[in-house]
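Please read the structure below before turning to the comments.
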Number of protein chains: 2
Amino acid sequence: MSDGAQFQQVSPVRLYQRIVEQIEQAITRGDLKPGQRLPSERELVTQFGASRPTVREALRVLESNGLIRSRPGDPNGPEILPFSSAGLTKEMTRLVQFDNVSMAELISFRMILDGSASMLAARLRSEEELSAMERTIAVMSDAIETGYDEFSKADVAFHEAVAVASRNSLIEVCNQVVRGAVLSLISDKVAHAHNRKALMRESLQHHQEVLEAIRARDGAAAARISRRKLLDYYAGYVPESEQGPLLALVDDEEP
Amino acid sequence: MSDGAQFQQVSPVRLYQRIVEQIEQAITRGDLKPGQRLPSERELVTQFGASRPTVREALRVLESNGLIRSRPGDPNGPEILPFSSAGLTKEMTRLVQFDNVSMAELISFRMILDGSASMLAARLRSEEELSAMERTIAVMSDAIETGYDEFSKADVAFHEAVAVASRNSLIEVCNQVVRGAVLSLISDKVAHAHNRKALMRESLQHHQEVLEAIRARDGAAAARISRRKLLDYYAGYVPESEQGPLLALVDDEEP
DNA sequence: CCCTCTCACTGGCCTGACCAGTAAGCTCAC
DNA sequence: GTGAGCTTACTGGTCAGGCCAGTGAGAGGG
């Protein structure tokens with residue numbers, strides 16, 4: 001190779017990509033805020049100087065990425081949507097589905113995220129946030145009789161309350177995604193379990209112990225308990241041979 | 001509400017979405033493997049019974065999601081791409097850019113991921129994996145004189161080696177994404193820093209200390225050092241008022 | 001056997017058209 | 001005046017057909 005300038009590989013840029021970029025940037029910059037409307041397709045055609053199919057390709061991409069939504073017949077044009085983590089969820093689910101991510105890895109990741117969230121919550125929580133958690137636990141307790149859906153909803157609410165208290169939304173988004181992925185892999189087993197009530201009671205017990213540590217502002221304990229309980233709860237779904245990495249995560253009590 | 005059946009909200013499904021779904025499923029199921037080719041657009045038109053613009057909209061969506069790539073003139077048709085975390089990175093970057101995710105949260109998240117990876121690596125590593133890490137550190141050391149690009153590449157290689165040893169690819173993918181997001185936010189400052197060599201030396205020092213703990217199989221120490229060093233390195237980019245949650249993460253040495 | 005050139009076919013892009021929806025604004029009865 | 005109903009100008013969804021610049025497998029020449 002001759003010395004001197006280094007060249008980057010170039011790739012032809014499609015017209016529709018240019019349009020996507022422009023609109024994406026306008027949204028990111030804040031020129032287009034959620035709720036605002038894009039001009040109609042035919043109007044965009046004149047503004048971008050491209051044909052309608054090309055403009056439409058761009059809009060379809062934006063739509064599939066959750067940035068806009070267009071309804072047929074709406075005279076106001078496509079709508080800018082508020083940010084949602086749906087795209088992230090989709091991507092992460094795909095990562096799980098066919099990038100050889102095992103159940104053990106998923107649970108390991110949940111243990112890390114959940115443990116960290118609990119630790120941060122224990123150390124940073126306010127009194128209001130604590131009582132918010134207590135309320136969700138109460139709902140869970142009641143929901144054991146009411147039904148699994150209620151219970152599950154309250155469960156999510158608890159983790160959300162913890163996430164809020166941890167002051168870190170990234171944790172919650174990722175945790176939510178991973179949680180969803182785990183559930184989608186074992187949902188059939190849970191749904192058909194004849195001992196669902198027992199499972200719910202066990203889960204409730206776990207959450208209460210974590211809450212106790214958070215109440216006591218004991219970050220290390222909250223993390224340890226959270227991880228330990230997750231492992232107990234899910235260990236049955238992981239083959240014996242893959243449990244090593246999971247045990248390494250609860251192995252906190254070393255000299 | 002009358003009791004009985006619960007109905008879900010329905011939304012009209014576009015034709016192009018049906019096509020996207022079918023192809024996505026085929027890929028997820030493994031019917032279409034990376035490297036294989038899709039039929040040509042005109043062939044797909046007849047198979048799906050849709051028009052070319054519609055088929056093209058579907059292909060554009062798949063392309064923008066990183067699932068396929070189509071090159072003009074290629075007689076073999078669009079190519080199925082191997083999985084890449086590019087989509088995830090894009091989504092996460094967007095999350096950071098305009099969902100009120102602060103620099104502090106990003107760094108906090110990195111500390112969690114990196115700390116956990118180091119801990120797992122310390123407890124699970126093999127001898128080969130350890131020496132792989134040592135090699136990347138050596139490269140980093142040499143690269144201080146060679147240049148920042150080399151250094152950065154070796155840096156990535158180190159974290160990758162740690163991730164491999166941690167037996168959890170999710171950690172590494174997420175860490176890589178977050179790392180990229182952080183760098184994209186501060187890259188200008190690093191590039192213009194007049195003391196880049198000093199920064200590199202500091203970074204190298206940090207990595208060496210983590211490596212030492214991993215060598216000693218001391219998981220707790222590896223995690224603690226990793227978090228501490230990340231905080232030291234990046235603290236300057238976080239406003240004083242937002243450092244609370246970060247400090248909570250290194251506050252391990254409690255009674 | 002290798003090299004070169006051809007050509008059928010590819011994807012990128014465009015024009016123009018039809019249809020089923022939507023909602024603003026008009027009409028009209030009350 | 002006011003509300004209900006209808007008209008209408010627009011929207012997005014979809015299609016058919018066409019042109020162009022590329023690509024690469026295979027035909028042909030050396």
Side-chain angles (χ1 to χ4, degrees), chain A residues 7-24 26-27 32-82, chain B residues 9-24 26-27 32-82:
Chain A
F7 296 111
Q8 278 188 6
Q9 189 153 9
V10 296
S11 63
V13 177
R14 315 288 158 68
L15 224 43
Y16 86 92
Q17 281 188 341
R18 291 274 178 78
I19 300 179
V20 168
E21 285 168 16
Q22 285 200 41
I23 298 181
E24 257 182 354
I27 296 179
L32 291 172
K33 290 189 175 57
Q36 284 190 342
R37 300 309 187 93
L38 238 41
S40 75
E41 291 183 2
R42 288 165 176 85
E43 172 63 24
L44 289 173
V45 164
T46 74
Q47 286 194 26
F48 284 113
S51 71
R52 193 143 94 96
T54 303
V55 169
R56 280 179 61 80
E57 285 177 17
L59 292 180
R60 292 293 80 77
V61 168
L62 291 168
E63 189 170 34
S64 94
N65 284 1
L67 287 173
I68 66 171
R69 175 184 53 184
S70 50
R71 282 179 315 138
D74 188 336
N76 296 318
E79 182 183 358
I80 313 285
L81 294 178
Chain B
Q9 188 153 8
V10 296
S11 64
V13 177
R14 316 288 157 68
L15 260 185
Y16 87 93
Q17 281 188 342
R18 291 274 178 76
I19 299 179
V20 169
E21 284 169 16
Q22 285 199 41
I23 298 182
E24 258 182 353
I27 296 179
L32 290 172
K33 289 189 176 58
Q36 284 189 343
R37 300 309 186 93
L38 239 41
S40 76
E41 291 183 2
R42 289 167 176 85
E43 172 62 25
L44 289 172
V45 163
T46 73
Q47 287 195 25
F48 284 113
S51 71
R52 193 143 95 96
T54 303
V55 169
R56 281 178 60 79
E57 285 177 16
L59 292 180
R60 292 295 78 79
V61 169
L62 292 169
E63 188 170 36
S64 93
N65 283 0
L67 286 173
I68 66 171
R69 176 185 52 187
S70 51
R71 283 178 314 138
D74 189 337
N76 296 318
E79 182 182 359
I80 313 287
L81 293 178

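Computed from a predicted structure; not experimentally measured. Numbered from 1 within each chain, the chains take letters A, B, ... in sequence-line order.
Within 4.0 Å of A:R56, counting heavy atoms only, lies at least one base atom of the nucleic acid. Looking at heavy-atom distances under 4.0 Å, A:R37 makes no contact with the nucleic acid at all. The residue A:L59 sits apart from the nucleic acid: no heavy atom pair falls under 4.0 Å. At the heavy-atom level, B:P78 lies under 4.0 Å from the strands shown only through sugar-phosphate atoms. Residue contacts shown for A:R69 are absent, as no nucleic acid heavy atom lies under 4.0 Å away.
Look at B:S40 and you'll find a side-chain N or O under 4.0 angstrom from OP1 or OP2 of C:dT10. Checking the phosphate oxygens (OP1, OP2) of D:dG13, no side-chain nitrogen or oxygen of A:R71 falls inside 4.0 Å.
When side chains are defined from C-beta on, A:R56 does not count as touching B:P53, because their heavy atoms never get closer than 4.5 Å.
Nucleotide D:dT14 holds its P atom 9 Å from the CD1 atom of B:I19, rounded to whole Å. In this structure, A:E43 places its CD atom 12 Å from P of D:dC10, rounding to the nearest Å. Distance, B:Y16 OH to D:dC15 P: 14 Å, rounded to whole Å. Atom P of nucleotide C:dC13 and atom CD of A:E57 are separated by 7 Å, given to the nearest angstrom. Residue A:R14 contributes atom CZ, which lies 17 Å from atom P of D:dA21 at whole-angstrom precision. If you take CD of A:E63 and C1' of D:dG13, they are 11 Å apart, rounded to a whole angstrom. With rounding to whole Å, A:L38 atom CG is found 13 Å from D:dG12 atom C1'. Atoms CG (B:L15) and P (C:dA20) sit 15 Å apart, rounded to a whole Å.
Closest to the side chain of A:P72, from the set C:dG11, D:dG13, D:dC15, is D:dG13. Out of D:dG24, C:dT15, D:dC15, the shortest distance to the side chain of B:D74 is found at D:dG24. Looking at the side chain of A:R42, the nearest of the listed nucleotides C:dT15, D:dC19, D:dG12 is D:dG12. In the set D:dT11, C:dG11, C:dC14, the nucleotide with an atom closest to the side chain of B:S70 is C:dG11. Of the candidate nucleotides D:dG24, C:dT15, C:dT22, D:dG24 has the atom nearest to the side chain of B:P75.
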Side chain to side chain contact (heavy atoms under 4.5 Å, CB included) between B:K33 and B:I80: does it pass, once the steps are laid out? CA-CA 7 Å; B:K33 289 189 176 58; B:I80 313 287; over 6 Å; no
Please evaluate residues A:R14 and A:E57 with respect to the criterion salt bridge (Lys or Arg N to Asp or Glu O under 4.0 Å), reporting the C-alpha separation (whole Å), side-chain torsions for both, the decisive distance (0.1 Å), and the verdict. CA-CA 11 Å; A:R14 315 288 158 68; A:E57 285 177 17; over 6 Å; no
Verdict with supporting geometry, A:L59 and A:L38, side chain to side chain contact (heavy atoms under 4.5 Å, CB included): CA-CA 10 Å; A:L59 292 180; A:L38 238 41; 4.0 Å; yes
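Looking at every heavy atom in both residues, A:V45 comes nearest to A:S51 through CG2-C, 3.9 Å.
Residue B:E41 is the one, among A:N76 and B:E41, whose nearest nucleotide of DNA chain C lies closer to the 5' end (criterion: closest heavy atom).
Side-chain to base pairing of A:R52 with D:dG13: one donor and one acceptor N or O lie within less than 3.5 Å of each other.
When only modelled atom types and interatomic distance are considered, A:T54 and B:R60 share no side-chain donor-acceptor pair under 3.5 Å.
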